[in-house]
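Notes for the one structure printed next.
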Amino acid sequence: MNEKLRVLVSVDLDGAKAQVKTQGHVTVQSIQGLYDVMKRADSLVPGLALELDMTLAEVEPQAMEELRGCARSHHLPLQVDPLQRNYRFSIVAPRSTAPKLTALPAVPTELAAA
């Protein structure tokens, strides 16, 4: 998939929260742009609760693990935010795509001979 990353930010200043809706293909390279958007949204109101909505995105597993690590630590990567401010954000995971294929169970010998 070579789909561009698209982001829509909705901010509720009264409730001190923002939703970052992401569409497209999120890779370990394109995630840097997503971090920049999150940092900018947080700069509006420090401590803003961010919801990262990935339901319409295709996210590479390594990129999702990186995002989850940031959510657990409450920090963006050092190269994105050298000051290492605290970020409060949650991730709405992408919808699952087609299930991964697994090996079929072994066919009993009596059925295999039929």
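- A distance of 10.0 Å separates CD of Glu65 from SG of Cys70, quoted to the nearest 0.5 Å.
- Among Leu48, Asp81, Asn86, the one residue that satisfies the side chain to side chain contact (heavy atoms under 4.5 Å, CB included) test with Asp42 is Leu48.
- In this structure, Ile91 and Met64 have side chains that are in contact, with non-hydrogen atoms separated by less than 4.5 Å.
- For the atom pair Met38 CE and Leu76 CG, the distance stands at 5.5 Å (nearest 0.5 Å).
- Residues Leu83 and Tyr35 do not share a hydrophobic cluster, defined by chaining ILVMFWY side chains whose heavy atoms lie under 4.5 Å apart.
- Taken from CG in Asp53 to OG1 in Thr22, the straight-line distance is 7.5 Å, to the nearest 0.5 Å.
- Shortest non-hydrogen contact noted between Gln32 and Glu66 is NE2-OE2, 4.1 Å.
- By the neighbour-count criterion of 12 heavy atoms within 6.0 Å, atom NZ of Lys17 is sparsely surrounded, having that number or fewer from other residues, nucleotides or ligands.
- Between atom CG of residue Leu67 and atom CD of residue Glu60 there is a gap of 11.5 Å, rounded to the nearest 0.5 Å.
- Atom CD of Gln84 sits in a crowded spot, with more than 12 heavy atoms from other residues, nucleotides or ligands closer than 6.0 Å.
- When hydrophobic clusters are built by joining Ile, Leu, Val, Met, Phe, Trp and Tyr residues whose side-chain heavy atoms come closer than 4.5 Å, directly or via intermediates, Leu78 is not grouped with Tyr87.
- Atoms OG1 and CD, on Thr27 and Gln62 in that order, are 9.5 Å from each other to the nearest 0.5 Å.
- Taking both residues in full, the closest heavy atoms of Lys39 and Pro82 are given as NZ-CD, 4.4 Å, listed atom of the first, atom of the second, then distance.
- To the nearest 0.5 Å, atom CZ of residue Arg85 and atom NE2 of residue His75 are 10.5 Å apart.
- Other residues, nucleotides and ligands contribute more than 12 heavy atoms inside 6.0 Å of the CZ atom of Arg6.
- Considering Val20, Leu44, Val45 in turn, Leu44 is the only one that fulfils the side chain to side chain contact (heavy atoms under 4.5 Å, CB included) rule with Val11.
- Contact annotation: the side chain of Leu34 approaches that of Leu52 to within less than 4.5 Å [non-hydrogen atoms, C-beta and beyond].
- The cluster map of Ile, Leu, Val, Met, Phe, Trp and Tyr, joined by side-chain heavy atoms under 4.5 Å apart, puts Val92 and Val37 in different clusters.
- In terms of heavy atoms, Ala71 sits closest to Phe89 at N-CZ, 3.4 Å.
- Contact record, Val28 with Ala63: CG1-N, 3.9 Å, taken as the closest heavy-atom pair.
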